[in-house]
Number of protein chains: 2
Amino acid sequence: MAPDDTRKGAARMRDVARVAQVSTMTVSRALMDPSKVSPDVRARVAEAVSAVGYVPNKVAGSLSSSRSKVIGLVVPSIENSLFASTIQGISDVLRRHDHQLMIADSGYSAEDEEAAIRAFLEQRVAGLILHDTTHTPAAVSMIRRSGVPVVENGTLTPSPLDMVVSYSNHDASKAMTQHLGRLGYKRIGFVSLPSADNERSRDRQRGYKAALEELGHDFDPRLMLEMPPGLASGAEALLRLVEGGGHPDAIFFAGDVLAMGATLECARRGWPVPGKVAIAAFDNFDLLGHLVPPVTTLRLPRLEIGRRSAEVLLDRIQGRSSAAVSVDLRFEIIHRGST
Amino acid sequence: MAPDDTRKGAARMRDVARVAQVSTMTVSRALMDPSKVSPDVRARVAEAVSAVGYVPNKVAGSLSSSRSKVIGLVVPSIENSLFASTIQGISDVLRRHDHQLMIADSGYSAEDEEAAIRAFLEQRVAGLILHDTTHTPAAVSMIRRSGVPVVENGTLTPSPLDMVVSYSNHDASKAMTQHLGRLGYKRIGFVSLPSADNERSRDRQRGYKAALEELGHDFDPRLMLEMPPGLASGAEALLRLVEGGGHPDAIFFAGDVLAMGATLECARRGWPVPGKVAIAAFDNFDLLGHLVPPVTTLRLPRLEIGRRSAEVLLDRIQGRSSAAVSVDLRFEIIHRGST
DNA sequence: CCTGGAAATGATACCGATACCATAGACGCG
DNA sequence: CGCGTCTATGGTATCGGTATCATTTCCAGG
């Protein structure tokens with residue numbers, strides 16, 4: 001059967017070429033870099049493209065040019081809304097630069113992260129953004145061999161794979177603890193997520209202890225707790241610390257939505273905040289500002305982390321930079337009624 | 001220069017083939033369908049793969065086989081945590097089936113949705129999941145011509161592009177309104193998102209009116225409002241309705257976090273809920289159950305929508321189904337203290 | 001012992017673009 | 001007027017796999 005216009009399936013570049021009466025090479029140029037083609041031809045190609053309903057095949061394009069416009073992102077959990085802002089920031093920048101975003105979640109497991117990374121490398125992504133800063137050895141070696149640029153953004157790790165964009169969890173935690181100290185609180189409790197596989201969590205704990213030391217407070221293990229994330233978990237942590245013999249006059253919740261759960265629990269019990277106990281949070285959910293009382297927290301540059309991650313990655317990909325990059329973004333304390 | 005083991009760049013299948021002393025075709029088979037090669041060869045190939053650090057190139061594979069394992073998802077906003085559960089559900093199922101997820105957001109604009117769809121089709125995705133049910137004509141025609149299977153899941157639209165997985169916004173809205181009626185509320189207010197480009201919002205409005213009719217209540221335009229999403233917006237809606245002459249004794253907030261903003265505003269003002277006004281919500285943020293008072297809301301199958309969307313899409317892609325699919329998922333009313 | 005067919009493997013074309021180099025014409029300048 | 005140079009365009013190899021068909025080997029069954 002001779003090829004004709006009625007063939008099934010998507011139109012290919014050669015169909016456009018035939019209609020426009022030029023070679024495929026010229027069509028390719030007309031689409032990639034119109035300045036290299038005469039206005040006349042450019043118009044004929046444009047016409048032919050819409051006539052045949054041509055949708056370029058980037059798979060073939062990527063293979064041929066060994067370039068891709070896809071970025072792979074691995075977050076611990078998609079459902080956790082804390083990451084949503086960062087993802088949005090990445091997405092915004094990528095869209096502006098005509099790149100695509102692939103997402104996978106590791107479920108907080110380094111093995112699943114490795115699998116996700118492998119899948120992305122198989123897709124020959126142009127770059128990777130990883131939230132976590134701890135990886136399996138296999139993942140590290142795959143990434144190294146592939147030569148793909150990487151941005152990590154969970155915390156300002158001292159030994160990055162490649163580039164880092166984050167804020168310092170240590171400094172933020174320390175700053176908030178000192179803030180509480182300066183407000184006159186003497187027995188400052190601290191609740192974080194489990195630190196076992198979580199460098200961020202460890203950084204926050206170290207920051208807390210560093211601040212206590214500078215404040216001249218003794219560290220009291222009865223005032224420190226690790227809890228899984230969640231509203232109920234925050235409420236439970238509150239009760240355990242308040243009734244646990246440590247007699248806290250303030251508690252700093254450095255983990256996902258824990259502070260919210262604790263504040264709501266106080267409301268349910270009618271405990272005055274900060275009368276009974278002061279509460280400070282780590283995450284900047286806007287909701288915290290609307291609770292009664294509004295909760296003191298940190299403003300973390302989550303959207304900015306996403307944006308900058310995408311930007312430094314694109315810079316590297318497009319050869320505008322080659323140096324090691326480490327971007328330390330600012331955080332800020334938002335003082336509110338709860339402390 | 002003769003090819004040798006020290007060449008730069010990623011190892012290719014032919015490198016594996018050389019080391020394993022077989023043809024590339026055999027390597028391909030050993031990786032794709034091990035049952036088609038002898039155990040001996042299978043072992044040699046496996047060894048060679050790790051020896052050279054081979055990472056298959058799916059770009060080349062997709063081009064050659066004209067199959068892909070990438071699914072494209074377009075949501076109105078990534079940052080909006082309501083979609084996060086759905087995305088998580090999709091991601092979970094895709095991971096189990098060895099597929100990848102590409103995400104784009106439309107920023108609630110049909111034009112941007114079209115651009116995202118075009119980009120996905122250029123990547124030759126195997127399937128599309130779209131949250132919205134209204135699309136530009138160009139988007140519709142591109143999708144049709146491409147033959148790519150599509151799932152829409154914003155609402156149970158009567159005229160889907162292809163497959164639908166959702167719950168009925170109309171029925172859910174009606175059910176909640178009737179619930180309020182049965183509780184004895186006589187002047188039920190209703191706040192939704194702008195309906196102009198939003199079929200979901202329109203469905204909810206129609207459900208509200210249908211319920212009023214069945215309850216024998218007259219529709220009072222002073223009791224109905226459209227507001228943009230957001231906490232502050234919910235607070236404002238509350239004030240406008242309460243002080244607007246409609247004298248509501250209950251308000252049903254059928255839009256993102258509006259109910260939360262309203263409930264928190266009541267707390268700030270010391271208005272008893274439901275003494276001053278009862279409040280019901282549409283979205284099932286778990287937070288709503290922890291407010292004081294806990295807020296009556298709907299349990300919507302967000303995670304399930306994601307899972308089922310991915311499942312029906314994969315079924316179609318893998319040829320296990322071809323019929324039109326419309327999955328109507330259940331919702332549920334969670335009665336709490338606010339009503 | 002011959003033959004048919006299944007199992008294992010290989011040779012080669014091809015997927016749909018882009019890279020690279022060649023070529024034809026136009027134009028400027030000594 | 002000849003030559004170099006630049007612009008616009010095309011021919012062809014190639015990216016790294018998979019599809020298809022051919023080939024070889026081996027064994028069962030008559």
Side-chain angles (χ1 to χ4, degrees), chain A residues 3 7-46 48-49 52-70 119 121-126 146, chain B residues 1 3 7-45 48-49 52-70 119 121-126 146:
Chain A
R7 63 184 291 288
K8 304 249 162 89
R12 295 144 310 168
M13 193 175 265
R14 75 163 61 102
D15 301 318
V16 177
R18 184 162 27 78
V19 172
Q21 313 213 54
V22 293
S23 70
T24 60
M25 221 23 255
T26 300
V27 174
S28 177
R29 277 191 283 252
L31 298 175
M32 300 262 304
D33 184 358
S35 77
K36 312 206 85 170
V37 164
S38 69
D40 170 45
V41 168
R42 210 180 302 161
R44 289 213 319 271
V45 168
V49 163
V52 304
Y54 175 62
V55 177
N57 186 333
K58 299 281 190 193
V59 174
S62 296
L63 176 60
S64 178
S65 64
S66 37
R67 274 182 268 109
S68 120
K69 294 202 168 184
V70 179
L121 293 180
E122 290 181 349
Q123 299 287 344
R124 295 299 189 265
V125 294
S146 75
Chain B
M1 226 174 306
R7 64 183 291 288
K8 304 250 164 90
R12 297 145 307 168
M13 193 176 265
R14 75 164 60 106
D15 301 318
V16 176
R18 184 163 26 77
V19 172
Q21 314 210 55
V22 292
S23 70
T24 62
M25 210 39 244
T26 300
V27 174
S28 176
R29 276 191 283 253
L31 297 175
M32 301 263 301
D33 184 358
S35 76
K36 310 206 87 166
V37 300
S38 67
D40 170 48
V41 168
R42 210 180 304 160
R44 288 209 324 269
V45 168
V49 162
V52 304
Y54 175 62
V55 177
N57 185 332
K58 300 281 190 193
V59 174
S62 295
L63 176 60
S64 177
S65 63
S66 36
R67 274 182 269 109
S68 124
K69 293 202 169 185
V70 179
L121 294 179
E122 290 181 348
Q123 298 288 343
R124 296 299 189 265
V125 295
S146 75

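Note on naming: letters A, B, ... go to the chains in the order of the sequence lines (proteins, then strands), and numbering restarts at 1 for each one. Note that the coordinates shown come from a computational prediction; the quantities given were computed from them, not determined experimentally.
Using a 4.0 Å heavy-atom distance criterion, Ser66(B) is classed as making no nucleic acid contact. Among the protein residues, Val59(A) comes within range of no part of the nucleic acid, since none of its heavy atoms lies under 4.0 Å from any strand.
A pairwise comparison of heavy atoms in Val16(A) and Val45(A) identifies CG1-O, 4.2 Å as the closest pair.
Listed by first and then second residue, the salt bridge (Lys or Arg N to Asp or Glu O under 4.0 Å) pairs involving residues 21-39 of chain B amount to none (not counting sequence neighbours). For residues 61-70 of chain A, the set of pairs meeting the salt bridge (Lys or Arg N to Asp or Glu O under 4.0 Å) definition, not counting sequence neighbours, comprises Lys69(A)-Asp98(A).
In this structure, Asp15(B) atom CG and dC15(D) atom P are separated by 12 Å, rounded to whole Å. Put simply, NZ on Lys69(A) is 16 Å from P on dA17(C), counting in whole angstrom units. Rounded to whole angstrom, the span from the CG atom of Leu121(A) across to the P atom of dG16(D) amounts to 16 Å. Summarising the geometry, the separation between CZ on Arg42(B) and P on dA8(C) is reported as 9 Å, rounded to the nearest angstrom.
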Could you write nucleotides 17-24 of chain D as a row of B, S and -, 5' to 3', where a protein heavy atom under 4.0 Å of any base atom gives B, of only sugar-phosphate atoms gives S, and otherwise -? BBBB----
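Each of Leu63(B) and Gln21(B) lies near DNA chain C, and the nucleotide nearest Gln21(B) is the one positioned closer to the 5' end.
Taking the salt bridge (charged side-chain N to carboxylate O under 4.0 Å, His left out) definition, one finds that Arg42(A) meets it with nothing, sequence neighbours left out. Applying the side-chain hydrogen bond (donor to acceptor under 3.5 Å, both in side chains) rule to Ser38(A) yields no partners; only residues at least two apart in sequence or on another chain are considered. Scanning for side-chain hydrogen bond (donor to acceptor under 3.5 Å, both in side chains) contacts around Ser62(A) gives an empty result, with sequence neighbours left out.
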